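Scroll down for the structure; my scribbles are underneath it.
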Number of protein chains: 2
Amino acid sequence: MAQTMVREVRKEQSEDSVITLKDIARISGYSIKTVSRAIHDHPDINEQTKKQVMEIVERYSYSPNWAARSLRNQKTHTIGYVVPNITNGFFGEIGMIIDSYFRRLNYSTLICFTSHSLDNELDSLRSLMEKNVEGIIVAPVGSFEQWTDKLPKLRETPLAIIDNRFNDTSLDYILHDNEHGADLLVDHLVGHGHSRIACVTGPVQESSGFERLLGYKHGLARHGISVDESIVRTVEWEDINGGYSATLELMESHNKPSAVFYANSQLLLGGYKAFHALSMRIPQDVAVVSFDQPLVIDALTPRPTALEKVEKEIADTTARILHHKITGNAAKAPQEIRIKSTLAIGESCDCKI
Amino acid sequence: MAQTMVREVRKEQSEDSVITLKDIARISGYSIKTVSRAIHDHPDINEQTKKQVMEIVERYSYSPNWAARSLRNQKTHTIGYVVPNITNGFFGEIGMIIDSYFRRLNYSTLICFTSHSLDNELDSLRSLMEKNVEGIIVAPVGSFEQWTDKLPKLRETPLAIIDNRFNDTSLDYILHDNEHGADLLVDHLVGHGHSRIACVTGPVQESSGFERLLGYKHGLARHGISVDESIVRTVEWEDINGGYSATLELMESHNKPSAVFYANSQLLLGGYKAFHALSMRIPQDVAVVSFDQPLVIDALTPRPTALEKVEKEIADTTARILHHKITGNAAKAPQEIRIKSTLAIGESCDCKI
DNA sequence: CTGAAAGCGCTAACAT
DNA sequence: ATGTTAGCGCTTTCAG
């Protein structure tokens, strides 16, 4: 007891300056290394000593300097997450799940926004590389060659690609099963007797847009319905007004469709707006399906039929794969994982539920 | 020319290991400090030398080790952003704007989520403190005392509080002018001849919920309308279904309101759903206003009358204030800034536009 | 079980 | 104009 007190020799706390390991050592009277051992639960330390040290650590609410630790260990315990934006529900939710996954492992997530611009994407990747992040998750705008051209070090960084793939099979992709999903939805519409089904999708240069269109076409083909390109529209993703105008156009044609397949929720919302403007009722006058669910699905009337959310599964899978790559437990071969979804029946197709 | 070549003495690149300043020095034949000077555009360096060095820097795409630099400079060039979530349009947008503001200054933003839990908030703040962030922006769940109780160092960290204030005048707040905004909206409804106006707001323990309710009451009072507590509801923010149920309840009463003031966009969306379920038409059967605009406002029919978006102004102001605090150019006294908005007339109140 | 000392990569004071 | 060196805070051999 007296022993404990005796050891506290020097001044208690210099100023408002940050407490370092050295300070704790000075105050406790032990060496720097003993303190370090106490903090890291090293076996080679007397229980008594540890208790004394930890008490002081607590009292001064010491926490190790992260930069010093990173420098020393050559580990930043940080990953990057690079996406077009986060106000979009999809990337926002996935980001939050990935962050919480890695937070449990004591990793931090640096979130970067590209606004769909390749320059921003390159800047983000560069800044992440400079910070020596241990891995990066990207929903890509550019291509892998464009990246490594400017940032060769990226080749040696654990990477996981989501949302869109590119023509490089050396990478790990975690994606929607776009074709399967689109097929399910078209199938559903055909099941309701529709044969003239329009499609509003995103840019076909992106795999997600291309594959959803492909799924739509295959879905029709399986039922012997020929594709009419005049009722297929591609507009920007995340553009409610694109979906709106496309829908108005589609409905103006003399041989107008009886149903519309929207390849994402933004486009669907534009569709809802358009049908309202046209005084067309869903599902009585037109049937509607959406590839994914808008965040505000609970507020929509009628509730749209869409694929079940897969954000959780995509995020968890992506986090797990990236974590394995970081710790070196990765599968030998790069993987392309396709997350299948299921139909979530709503009221937009006149289903009796 | 020959001169240039001569100086490249040693092996080009050891392995795939990271290039350091020392490597560049070795390769270029100059000292470590000369290289550093070249990189930092220091005046004390020969233009020729600089050019040579920079060429090698480019070639090996060297970038400085961030941890080492932070350790040395005692500056992390990082700020924290702590909010309930980012799928919510409000915090997501503000986060993106703040990030881009600080990115321009070569700062990074660490985004943390609290999910409205005090424990998560404390964890987030702790992890940011451990990383020695230079400043933190928080949309708070807990109170300043609860924070500093566990994290005394927080008292010395530049802080900016958004969205909700607490009873501590020593801090900088950047907030909606909630009372003013609510007042404007109620005014608008009264102007349309409504006198029985319901209110659906968020938790009154939070200043935002409390103040919007206050603005509503003052608005009514100014017109000599007495407040009927039976048509005031408080539910959780971000709860479409709360807004939905509250609206259903309100409309069931025998003396039902002719208009509803929704204190945020989530609640409004619940209202839209409820009115649809009740087959009530907006604005013919009921008039509706919302404090803020939902992200999907373009998809809503009728377009709701709501306050103009102020995310940009809040975000810019917050970023500027925090930046000043970090660099020591802060105003002497803590500030409480109130951002006023204006009415954005929609179609939900039967305005002739 | 404990301590001394080197070094991670970078910067800045202090030479030269 | 250029080079030498100490040290930021931490971890980790290697001695005791």
Side-chain angles (χ1 to χ4, degrees), chain A residues 3 7 9 14 17-54 57 60-78 106 129-134 153, chain B residues 3 7 9 14 17-54 56-57 60-78 106 129-132 134 153:
Chain A
Q3 173 73 3
R7 279 194 165 274
V9 231
S14 42
S17 68
V18 184
I19 308 289
T20 73
L21 213 50
K22 210 199 274 181
D23 295 324
I24 302 290
R26 192 163 31 66
I27 296 166
S28 70
Y30 287 103
S31 83
I32 239 175
K33 182 55 202 173
T34 302
V35 175
S36 170
R37 269 193 274 258
I39 288 168
H40 294 306
D41 259 334
H42 195 91
D44 284 0
I45 188 173
N46 184 304
E47 271 302 319
Q48 263 307 315
T49 313
K50 184 155 103 188
K51 205 163 282 176
Q52 285 174 39
V53 171
M54 289 313 283
V57 164
Y60 290 86
S61 61
Y62 163 80
S63 67
N65 180 302
W66 186 77
R69 196 197 283 239
S70 296
L71 177 57
R72 176 62 236 228
N73 294 342
Q74 302 290 319
K75 292 236 148 66
T76 54
H77 266 236
T78 303
N106 270 307
M129 297 305 295
E130 284 176 5
K131 293 216 176 53
N132 292 313
V133 296
E134 297 180 29
K153 275 190 292 183
Chain B
Q3 173 74 2
R7 276 195 166 275
V9 230
S14 38
S17 68
V18 184
I19 308 290
T20 74
L21 212 50
K22 210 198 275 183
D23 294 324
I24 302 290
R26 191 164 30 68
I27 295 166
S28 70
Y30 288 103
S31 82
I32 228 175
K33 182 59 201 168
T34 302
V35 175
S36 170
R37 269 193 274 257
I39 288 168
H40 295 310
D41 258 333
H42 193 91
D44 284 1
I45 187 172
N46 183 303
E47 270 303 319
Q48 264 308 314
T49 312
K50 184 154 103 187
K51 203 162 284 174
Q52 284 175 39
V53 170
M54 288 315 282
I56 296 178
V57 164
Y60 290 87
S61 61
Y62 162 80
S63 67
N65 180 303
W66 186 78
R69 196 198 282 238
S70 296
L71 177 59
R72 176 64 235 225
N73 294 344
Q74 302 289 318
K75 293 235 148 68
T76 53
H77 267 237
T78 303
N106 270 308
M129 298 305 294
E130 284 175 7
K131 292 216 178 54
N132 293 313
E134 295 182 30
K153 276 191 291 183

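Order of the sequence lines sets the chain letters (A, B, ...), proteins ahead of strands, with each chain counted from 1. Keep in mind the model is a prediction, meaning the values are calculated, not measured.
In this entry the distance linking CD of A/Glu47 with P of C/dT2 reads 11 Å, nearest Å. Distance, B/Asn132 CG to D/dC8 P: 15 Å, rounded to whole Å. If you take NE2 of A/His42 and P of C/dG3, they are 14 Å apart, rounded to a whole angstrom. One atom, CG of B/Leu71, and another, P of C/dG7, lie 17 Å apart when rounded to the nearest Å. Distance NZ (A/Lys75) to P (D/dC10): 19 Å, rounded to an integer number of Å. One can place CD of B/Glu130 at 16 Å from P of D/dG9, the figure rounded to the nearest angstrom. Across the protein-nucleic acid pair, B/Leu21 atom CG and C/dC8 atom P stand 13 Å apart, rounded to whole Å. Rounded to an integer number of Å, the gap from B/Arg69 CZ to C/dA12 C1' is 14 Å.
Residue B/Tyr62 has a polar side-chain atom (N or O) positioned under 4.0 Å from OP1 or OP2 of C/dC10. For the OP1/OP2 pair of C/dC8 and a distance below 4.0 Å, the side-chain nitrogens and oxygens of B/Thr20 include no atom meeting the criterion. Residue B/Tyr30 places no side-chain N or O under 4.0 Å from the OP1 or OP2 atom of D/dT4.
For A/Lys22, whose side chain is taken as the heavy atoms from C-beta onward, the closest listed nucleotide among D/dC8, C/dG9, D/dT11 is D/dC8. The side chain of B/Asn46 sits closest to D/dT2 out of C/dG7, D/dT2, C/dC10.
Residues from residues 31-39 of chain B placing a heavy atom under 4.0 Å of any atom in DNA chain C, listed by number, are B/Lys33, B/Ser36.
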Check: How far apart are the C-alpha atoms of A/Thr49 and A/Gln52, what are their side-chain angles, what is the distance that settles it, and do they pass the side-chain contact (heavy atoms from CB on, under 4.5 Å) test?
Finding: CA-CA 5 Å; A/Thr49 313; A/Gln52 285 174 39; 5.7 Å; no
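Under the 4.5 Å side-chain criterion, counting only non-hydrogen atoms from C-beta, A/Ser61 is not in contact with B/Met129. Annotation: side chain of B/Thr20 is not in contact with side chain of B/Asn65 (no heavy-atom distance under 4.5 Å). Using a 4.5 Å heavy-atom threshold, the side chains of B/Asp23 and B/Tyr62 count as separate. Between A/Ile45 and A/Tyr30, every side-chain heavy-atom pair lies at or beyond the 4.5 Å cut-off. With contacts defined as side-chain heavy-atom distances shorter than 4.5 Å, the pair A/Glu130/B/Trp66 does not qualify.
Each of B/Lys50 and B/Ala68 was assigned the nucleotide of DNA chain D with the nearest heavy atom; the assignment lying further toward the 5' end belongs to B/Lys50.
Across all strands, A/Ile45 comes closer than 4.0 Å only to sugar-phosphate atoms, never to a base (heavy-atom distances). As judged by a 4.0 angstrom heavy-atom cut-off over every strand, B/Ser70 is placed among residues making no nucleic acid contact.
For the pairing with B/Val53, the side-chain contact (heavy atoms from CB on, under 4.5 Å) check across B/Ile27, B/Asn46, B/Val35 returns one residue only, B/Val35.
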